[in-house]
There are 2 protein chains.
Amino acid sequence: MSKGEETRERILDRAFLLAGRDGFDGLTIGALADELKMSKSGLFAHFGSKEELQVAVLDLASSRFTERVMIDAFKAPRGLPRLKRVFENWVEWGLDARMPGGCIFTQAHAELDDVDGRPREVLAESERVFQEALAKTVKLAVDEGHFKKGTDCEQFAFELEGIMKAMHMFSRLLRDRRAADRARTAFERLVTSHRS
Amino acid sequence: MSKGEETRERILDRAFLLAGRDGFDGLTIGALADELKMSKSGLFAHFGSKEELQVAVLDLASSRFTERVMIDAFKAPRGLPRLKRVFENWVEWGLDARMPGGCIFTQAHAELDDVDGRPREVLAESERVFQEALAKTVKLAVDEGHFKKGTDCEQFAFELEGIMKAMHMFSRLLRDRRAADRARTAFERLVTSHRS
DNA sequence: CAAGGATAAGAACGACCGTTCTAAAAAAGC
DNA sequence: GCTTTTTTAGAACGGTCGTTCTTATCCTTG
């Protein structure tokens, strides 16, 4: 790995944290450069524009999320066990103390949903892919006979998304430590009502 | 109403829209003044600080939400009918085309949850009050015999919050027109699973 | 209608924004 | 080890930010 790529990764690693806490607009080149003890222009040269930096952070976030939540869940047998694993990984991701702003996607969703441009497109696409993967995971649970036939898998994924968003709000805004338990309870109810 | 109060309301009315679309940080005094054809300083004088302006917008948002979603629902008989009315009002609020950024609270929740200060406190407090009101509405449905005894009303409110947040994301980020139906389906399932 | 207070405008402030340009330093390839 | 390319720094740009201060205008009240 060249020196440039190495630096770029170091920048993105920090940018990932800053964006989660301060938002993608609040993520400023100057502040980021200060934290990394670099010059603004030196840092800037790695991306060419702020929008490019935002996209790079989104890509990093996607790959980390996919790795830690989805890929890991493939270790569990398909069907309900894998779905449960996805859910638990997701909860862990959302509460991960190493991410000072909580789930970076929750931040991004609210911030970028009205702003046309590449960051919005990239985010929306990754969310679509994720929703499909979620629905497919549910579908496997149907195929394995864990869930009722006729289960609306996309609807299931929609509701999962809601549970996580609620958890995030309770945990971050209200600082309610029962947030994770609430999420688990909701998940259990969701699973139970689709069991065959 | 004095001239000053009148102007203040005109400012807040516009600020409410801008904050929902561009965020509470993206809501800038200059842009707001331009839209209203006022000078920055003239507008600024009404609030004294940007933080104060943000708080005023949050207060306005709370009172509008309370009026349109909660107060209106009191026209329906207590119990399940009222809960349904709350839900439908909430959906309508979340999709209201007059608010160009969608639900202003969804924006605020993500943006302010990590920023210490009065806006955060005001927002969190109003959210707590709202959650209590929601839980109480559910409680009445239990008392009326519509829901099972032992229903966890706060848990119910938590899940409602999640449904709305998911709807917001599907509607705004993914531009999925089935978002409202997905939310209604989720609500029906939630209601059904607690029916006595 | 006049006086006095409320309301608005205008110019200026230091700070920071993203971005550009030029040069120096560091790394890579031969 | 020298040359070429990649990587970084530094200064400067026009622009916008929230905020302050002074001045003018409008509204209200007597």
Side-chain angles (χ1 to χ4, degrees), chain A residues 1-58 107-108 111-112 114-120 122, chain B residues 1-58 107-108 111-112 114-120 122:
Chain A
M1 184 162 59
S2 74
K3 176 80 194 305
E5 286 168 3
E6 208 171 273
T7 309
R8 192 186 143 99
E9 294 210 355
R10 230 181 65 243
I11 295 171
L12 284 176
D13 189 65
R14 190 63 69 99
F16 174 82
L17 298 178
L18 273 183
R21 204 190 45 193
D22 305 331
F24 282 76
D25 202 61
L27 167 68
T28 67
I29 310 227
L32 189 52
D34 279 353
E35 287 216 13
L36 294 162
K37 288 168 174 49
M38 287 183 67
S39 66
K40 270 171 53 169
S41 55
L43 190 154
F44 184 84
H46 283 270
F47 303 95
S49 74
K50 178 168 182 179
E51 191 171 284
E52 194 77 18
L53 169 64
Q54 292 172 329
V55 169
V57 171
L58 286 172
Q107 174 74 43
E111 190 176 354
L112 300 176
D114 292 314
V115 187
D116 285 327
R118 271 199 55 215
R120 202 205 110 94
V122 168
Chain B
M1 187 162 57
S2 74
K3 177 84 192 304
E5 286 168 4
E6 209 171 90
T7 309
R8 193 186 143 100
E9 293 211 354
R10 230 181 66 241
I11 296 172
L12 284 176
D13 189 65
R14 190 64 68 99
F16 175 82
L17 298 178
L18 274 183
R21 204 189 48 194
D22 306 331
F24 282 77
D25 204 59
L27 167 67
T28 68
I29 312 242
L32 190 53
D34 279 353
E35 288 217 14
L36 295 162
K37 288 168 172 50
M38 287 183 66
S39 65
K40 272 170 53 169
S41 55
L43 191 154
F44 185 85
H46 284 270
F47 304 96
S49 74
K50 178 166 183 180
E51 190 171 287
E52 195 75 19
L53 169 63
Q54 292 173 330
V55 169
V57 170
L58 286 172
Q107 175 74 44
E111 191 177 353
L112 300 176
D114 292 314
V115 187
D116 285 327
R118 271 200 54 217
R120 201 204 111 95
V122 168

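Just so we're on the same page: letters track the sequence lines, and every chain starts at 1.
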Quick one: Lys50(B) NZ to dT20(D) C1', roughly how many Å, whole number?
17 Å

Any Arg10(B) side-chain heavy atom under 4.5 Å of Thr7(B) side chain
yes

With the threshold set at under 4.0 Å for non-hydrogen atoms, list the residues of residues 26-35 of chain A touching DNA chain D in residue-number order.
none

What is the distance, to the nearest angstrom, from the CG atom on Leu43(B) to the P atom on dA8(C)?
9 Å

If I take atom CZ in residue Phe44(A) and atom P in nucleotide dT7(D), what distance separates them, rounded to the nearest angstrom?
16 Å

Between protein and nucleotides 23-30 of chain D, map the contacts as a letter string: B base, S sugar-phosphate only, - none, heavy atoms under 4.0 Å, written 5' to 3'.
--------

Is there a side-chain contact between Leu18(B) and Arg21(B) (heavy atoms, below 4.5 Å)?
yes

CD of Gln107(A) to CG of Asp22(A), rounded to nearest 0.5 Å, is 8.0 Å

Nearest-Å distance, CD (Gln54(B)) to C1' (dT19(D))?
14 Å

Is there side-chain contact between Asp25(B) and Val115(B), with heavy atoms separated by less than 4.5 Å?
no

With a 4.5 Å cut-off on side-chain heavy atoms, are Glu52(A) and Arg118(A) touching?
yes

Between the base of dA9(D) and the side chain of Ser41(A), is there any donor-acceptor pair under 3.5 Å?
yes

Quick one: CD1 on Ile29(A) to NZ on Lys40(A), what's the gap to the nearest 0.5 Å?
8.0 Å

Using atom CD of Glu51(B) as one end and atom C1' of dC17(D) as the other, report the distance to the nearest whole Å.
16 Å

Starting at CD of Glu51(B), measure out to CD of Gln54(B) and round the result to the nearest 0.5 Å.
6.5 Å

Using a cut-off of 4.0 Å on non-hydrogen atoms, how would the nucleic acid contact of Ala45(B) be classed: base, sugar-phosphate, or nothing?
nothing

Starting at atom CZ of Arg10(A), determine the distance to atom C1' of dT8(D), rounded to an integer number of angstrom.
12 Å

Donor-acceptor pair present, Ser39(B) side chain and dG10(C) base, under 3.5 Å
no

Taking it one step at a time, do Met38(B) and Ile11(B) satisfy side chain to side chain contact (heavy atoms under 4.5 Å, CB included)?
CA-CA 10 Å; Met38(B) 287 183 66; Ile11(B) 296 172; 4.2 Å; yes

Using only modelled atom types and a 3.5 angstrom limit, is any donor from either the side chain of Lys40(A) or the base of dG10(D) paired with an acceptor on the other?
no

Test item: Arg8(B) and Phe47(B) side chains (from C-beta on) under 4.5 Å apart, heavy atoms
yes

Expressed in angstrom and rounded to an integer, what is the separation of Glu5(A) atom CD from dT7(D) atom P?
8 Å

Separation of dA9(C) atom C1' from Lys37(B) atom NZ, nearest Å, is 16 Å

Looking at His46(B), does any N or O in its side chain come under 4.0 Å of the phosphate oxygens OP1/OP2 on dA6(C)?
no

